[in-house]
Amino acid sequence: MFQFNKQKIVVANWKMNPNSYDEVVNLLNLYIENINNNKINLDKINFVVAPPAVYMSNIYLQLKQYKINKIYLSAQNICWETHGAFTGELSANSFKSIGCELVIIGHSERRTYNQETNELIAKKFLIAINSGLIPIVCVGENKTEFGEQKTWQILEQQLFFIERFLEKKAINSDKCKFLIAYEPVWAIGTGVSADLAYIAKIADYIKQKLDMLNLKNFKILYGGSVNANNAKSILQISNIDGILVGGSSFDIEQLTKICNY
Ligand code: PGA
């Protein structure tokens, strides 16, 4: 079971990759090979993989077959409703029932291409919590919003729902367990991550904000062009508990180096 511990969290967000089941098997075999020959030590990191939903069951079964119980599975999205007539959507419970433990919500690609609003993301957060999935809430500013003050304002809007749910007692501050992934939109997929001092300031801001709400069970990740060269320094930032890795997570060499940060 995925649990918060002292180890840094590495979330591999495969996005819409690989593009065929055969390629998934190949990639997973490379992961398994590197785990079995200790190139990736799952005792030293808290490792999560978010594959495309269509492959998740097979991946779960394959990991079980190889007795790898320290790769935790995350969905990349869930429906904003619990069940019912929503053609093409996938419910939180259905993910939970096939061994999935976490879910990414509010990724900037979904905010942009699927017009996901803070309201919708709030709904998904509550559904995830109530279904027993741990939400990984992605937040962050775009290029025009860049700058500490502006970013704080954006984060304020993107995270306001947590305060509202606490006030309404829809969530419980002691029990509610989640991750916040700070992902500046301008850094995602560009090869250029945010600079360390900037990430540190934003992480401090998020930490302070959530501490003020008396929340205890949360972790803060950074995402946006994390690679083998910058993972270590990002993971050394004091309020950064982990990283959300996109492009470098389906490149086995990069991923292996990242896991050995
Ligand atoms: P990237 O993606 O590592 O390719 O920048 C990160 C993400 O979108 O989560």
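All heavy atoms count here, side chains included; hydrogens, waters and symmetry mates do not. Note that ligands are numbered from 1 as they come in the structure, with each ligand's atoms numbered from 1 the same way.
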Which residues, ordered by chain and number, are linked to Ile154 in its hydrophobic cluster, where ILVMFWY side chains connect at heavy-atom gaps below 4.5 Å, directly or through other members? none
Any side-chain donor-acceptor pair under 3.5 Å between Tyr205 and Glu156? yes
For Ala128, side-chain contact (heavy atoms from CB on, under 4.5 Å) partners two or more places apart: Ile78, Val103, Leu133, Pro135
Any Lys/Arg nitrogen of Glu116 or Arg111 sitting under 4.0 Å from an Asp/Glu carboxylate oxygen of the other? no
How would you list all residue pairs meeting salt bridge (charged side-chain N to carboxylate O under 4.0 Å, His left out) that involve residues 187-202, not counting sequence neighbours? Glu148-Lys201
Inventory of protein N or O atoms under 3.5 Å from ligand 1 N or O:
from     : atom 1 : to     : atom 2 : distance (Å)
ligand 1 : 2 (O)  : Lys15  : NZ     : 3.2
ligand 1 : 3 (O)  : Gly246 : N      : 2.9
ligand 1 : 4 (O)  : Gly247 : N      : 2.8
ligand 1 : 5 (O)  : Gly189 : N      : 2.7
ligand 1 : 5 (O)  : Ser225 : N      : 2.7
ligand 1 : 8 (O)  : Lys15  : NZ     : 2.7
ligand 1 : 8 (O)  : His107 : NE2    : 2.7
ligand 1 : 9 (O)  : Asn13  : ND2    : 3.4
ligand 1 : 9 (O)  : His107 : NE2    : 3.2
ligand 1 : 9 (O)  : Glu183 : OE1    : 3.3
ligand 1 : 9 (O)  : Glu183 : OE2    : 2.7

Can you hop from Ile136 to Ile127 via hydrophobic side chains spaced under 4.5 Å? no
